[in-house]
J.: 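Sharing a structure with you now.
This structure is a prediction, so every number in the text was calculated from the model and none was measured. The analysis underlying the following values was restricted to heavy atoms, covering all of them including side chains, and did not include hydrogens, waters or symmetry mates.
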Amino acid sequence: MIIEPRYEVQPGTEKARNDPFLQKHNVITYLIPFNVRPRTIPDLDIDHIKIIDSETELKKQSSIGLELREEFKKMPVGPISVKENFKEVFQLWGKDKDKERIRARPVIGIYLLHFRDPRLEYNYMHQPDYMLKYSMLLAWVFGLNLCYIQYVHDSGLVKNGVIVDLVVMLSLTVLLFLTWYKKLCFLRYSTQDHKYSRISCCLFRVAESIQRSLIKRIGIYMYTIISYFSIITVMLMDCDREEYEVVHIESKLYHYEPDMNMCFHPWLLTNMVCLIIGMSLIFTRIPFMMKVVVSTLEAITYMIILFFQFEYIVHHSLTTNPYFEAEYAHCLLVIITLLSLYFKERQTEFNNKINYKWREELLKKQHDAFIADQSITILLHNILPAHVANVYLTSLAKHELYYEDYAMVAVMFASLHNFQLDLPNLRVLNEIISEFDRILSYYRDDYLVEKIKIVGCTYMAACGLDLRFSSVISQERSTHESVIQEVLRARRSISVLRKDNYASSEKKEEVVFVLTTFALDLMRTLWTCNNDYRNVPVDRDVFTADMSIGISSGEVMAGVVGASQVHYDIWGNAVNMASRMDSTGLAGQIQVTEETAEMLRKYGLECNYRGMTFVKGRGILPTYFVGIDENYEFKYIYESRHHNLSDNSDSQHGSSEKNA
């Protein structure tokens with residue numbers, strides 16, 4: 001298939017055809033007229049294009065659907081198959097396509113229910129238990145119910161267990177008071193200032209230590225369970241099993257009603273055990289596996305007692321069905337209670353752990369976002385001046401023009417001479433520029449010196465790029481008119497501040513003196529680098545680079561160029577003149593224009609007239625060198641004046657002596 005060309009092509013120019021270099025390399029050139037419209041594109045199969053687009057869209061949607069399904073599989077929620085649970089129990093051995101899905105879950109399945117990451121499990125279990133006071137309130141109510149049931153249904157046995165009941169309830173009451181004391185005090189004095197006593201503060205600290213200590217919470221949990229079983233133990237110990245059997249048999253033979261208070265009531269004991277199992281599983285912030293093990297041991301222990309030690313008493317108790325033996329009915333009630341509360345508590349524990357996992361991930365993402373935000377801010381402040389970076393971080397939208405106009409800015413170009421820019425010297429150049437930037441850090445915040453850019457071995461900086469000195473701040477927007485009004489109001493407030501504090505031209509001229517001082521510090525830094533490299537044994541030539549600096553001042557426009565990889569730059573006559581002062585200057589000297597020299601003389605600096613210098617684009621202009629001695633210190637005008645004054649005073653003193 002031959003594709004018809006879309007543009008007309010003409011032979012190249014005669015000069016190009018006769019060029020010896022092009023003829024030597026057999027290069028043929030052509031011309032494409034820009035005023036010729038492209039030829040008509042041949043007819044295309046639009047239906048075929050639509051089919052391709054539809055197929056591409058279907059493939060895109062299917063890929064998105066597959067990605068979403070994979071993400072849903074990784075979510076730690078939803079049904080968990082029995083097959084997966086068995087694989088988890090057996091350490092996920094063997095190859096399986098669901099292996100990654102099972103391992104992706106932060107919590108192991110229905111049996112173990114703990115985090116795969118031991119550190120995450122440790123942090124979860126060592127969280128403060130702020131619900132401890134409610135767990136203690138529930139434990140106190142359960143203990144009170146056990147004592148009440150024992151007293152009502154077995155009044156004859158209460159006399160033997162009254163001491164145990166009193167000890168249990170007194171200890172639970174002390175723990176309840178300790179955990180609720182802080183809450184009650186805050187409720188009592190929440191509306192007024194109150195100074196708590198030393199005892200109250202001590203109780204507060206004890207309660208908080210219990211809340212934050214897993215070991216102490218486990219100790220209180222185990223003591224509560226043991227206290228409950230002590231009440232049941234007293235009931236079992238006061239029961240004479242042999243006497244009960246004899247009385248029960250005689251009642252059947254002689255047909256009389258026996259005294260059932262000589263031993264415990266089986267269903268009463270079963271209900272009490274069910275209450276204890278419930279308390280064992282409901283207690284908060286105790287390891288789930290520990291609660292499951294404790295409640296299971298309670299159920300197993302009670303079943304052993306039913307089937308072996310007190311089998312006769314339980315067997316002859318009431319049952320739920322005439323064809324269902326009583327001991328199995330008791331076991332069924334205990335098992336149903338255990339499983340019901342287990343699944344309820346498992347769901348609660350699962351939700352708590354998933355919420356904790358998500359909260360930890362959220363905190364981590366927030367921390368990562370904070371680090372990323374700080375990194376972006378640091379990068380922007382390294383690329384753009386501080387006030388421009390703040391504009392980009394707060395209000396300026398994408399692809400918008402931002403520029404500023406300044407009436408007085410000092411611009412500096414500093415270029416290295418006798419420095420070959422090759423790969424071995426690139427490391428040296430990086431070290432020198434890093435030292436320059438370190439010096440710049442002392443001038444940036446206090447003296448408004450900004451690094452503009454580096455071009456090869458030339459270091460460009462400016463002083464005075466501050467909003468307080470700016471006369472125009474522009475942000476072009478096609479929409480968002482309300483933001484424009486905010487910018488205009490900010491501009492008016494800045495202009496008022498500028499009129500109050502920076503209207504003086506002498507104040508603005510300080511930027512020239514500051515930038516010249518910065519330039520001298522760069523020369524000192526380069527001199528130090530030269531001395532350091534002379535003492536370093538290297539295979540290449542000794543580093544002996546010199547630097548020329550050019551400074552100018554005047555009106556400047558600054559702005560951000562580019563929609564991506566933005567660059568802050570300045571333009572104006574002062575920039576061009578500073579570049580010319582650098583290119584026409586001499587190594588080891590700071591060359592300035594006549595206007596800049598006059599400003600420096602106002603601050604006492606000596607500026608030596610160099611002569612008329614040819615400046616590209618401007619012709620022949622007078623230029624000046626800033627006075628610098630061999631120690632890289634400024635030469636001041638007042639020193640020469642001081643010498644002249646001292647000479648005049650000496651001559652006057654001598655003439656007066658002669659006259660005398």
J.: Could you tell me if Q591 and T623 have a donor-acceptor pair between their side chains, going purely by distance under 3.5 Å?
T.: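 Yes, side-chain donor-acceptor contact under 3.5 Å.
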J.: Looking only at the side chains, is there a donor atom on one of Q127 and N123 sitting less than 3.5 Å from an acceptor on the other?
T.: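 No, no side-chain donor-acceptor pair sits under 3.5 Å.
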J.: L621 pairs by side-chain contact (heavy atoms from CB on, under 4.5 Å) with which of R580, M581, M577?
T.: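 That would be M577; it is the only one of R580, M581, M577 passing the side-chain contact (heavy atoms from CB on, under 4.5 Å) with L621.
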J.: Could you walk me through whether T584 and T613 pass the side chain to side chain donor-acceptor pair (under 3.5 Å) check?
T.: CA-CA 8 Å; T584 60; T613 306; 5.8 Å; no
J.: Does one side chain, of T596 or T593, offer a donor that lies under 3.5 Å from an acceptor on the other?
T.: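 Side chains of T596 and T593: pair found under 3.5 Å.
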J.: Please say whether more than 12 non-hydrogen atoms of neighbouring residues, nucleotides or ligands are located less than 6.0 Å from OH in Y609.
T.: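 Atom OH in Y609 is crowded, with more than 12 foreign heavy atoms closer than 6.0 Å.
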J.: A410 and V511: which non-hydrogen atoms are nearest, and at how many Å?
T.: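 That closest heavy-atom pairing would be CB-O, 3.7 Å.
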J.: Is there a donor-acceptor contact under 3.5 Å linking the side chains of Y459 and D437?
T.: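 The answer is yes; a qualifying pair exists.
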J.: Would you verify whether the NZ or CZ of R285 falls within 45 degrees of the ring axis of Y124 while also being under 6.0 Å from that six-membered ring's centre?
T.: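 The answer is yes; both the distance and angle limits are met.
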J.: Parallel, tilted or perpendicular: which describes the rings of Y443 and F518, with under 30° parallel and over 60° perpendicular?
T.: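 Perpendicular, since the angle between the ring planes exceeds 60°.
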J.: Check each of I551, I452, V455, V575 against F413 using the side-chain contact (heavy atoms from CB on, under 4.5 Å) test, and report the only one that passes.
T.: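 Per the side-chain contact (heavy atoms from CB on, under 4.5 Å) rule, the option paired with F413 is V575, out of I551, I452, V455, V575.
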J.: Is the OH atom of Y447 crowded by more than 12 outside heavy atoms at less than 6.0 Å?
T.: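 No, the 6.0 Å shell around OH holds no more than 12 heavy atoms from other groups.
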J.: Do you know which of S548, S415, S583 makes side chain to side chain donor-acceptor pair (under 3.5 Å) with T458?
T.: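 Of S548, S415, S583, side chain to side chain donor-acceptor pair (under 3.5 Å) with T458 is met by S415 alone.
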J.: Is the shortest distance from a Lys or Arg side-chain nitrogen in E361 or K365 to a carboxylate oxygen in the other one below 4.0 Å?
T.: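 Looking at E361 and K365, the cut-off is not met.
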J.: Is the side chain of R601 donor-acceptor paired with the backbone N or O of C607 at a distance under 3.5 Å, no angle test?
T.: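 Answer holds: yes.
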J.: Verify the distance criterion only: is there a donor paired with an acceptor across the side chains of R618 and N573 at less than 3.5 Å?
T.: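 Distance-only check passes for R618 and N573.
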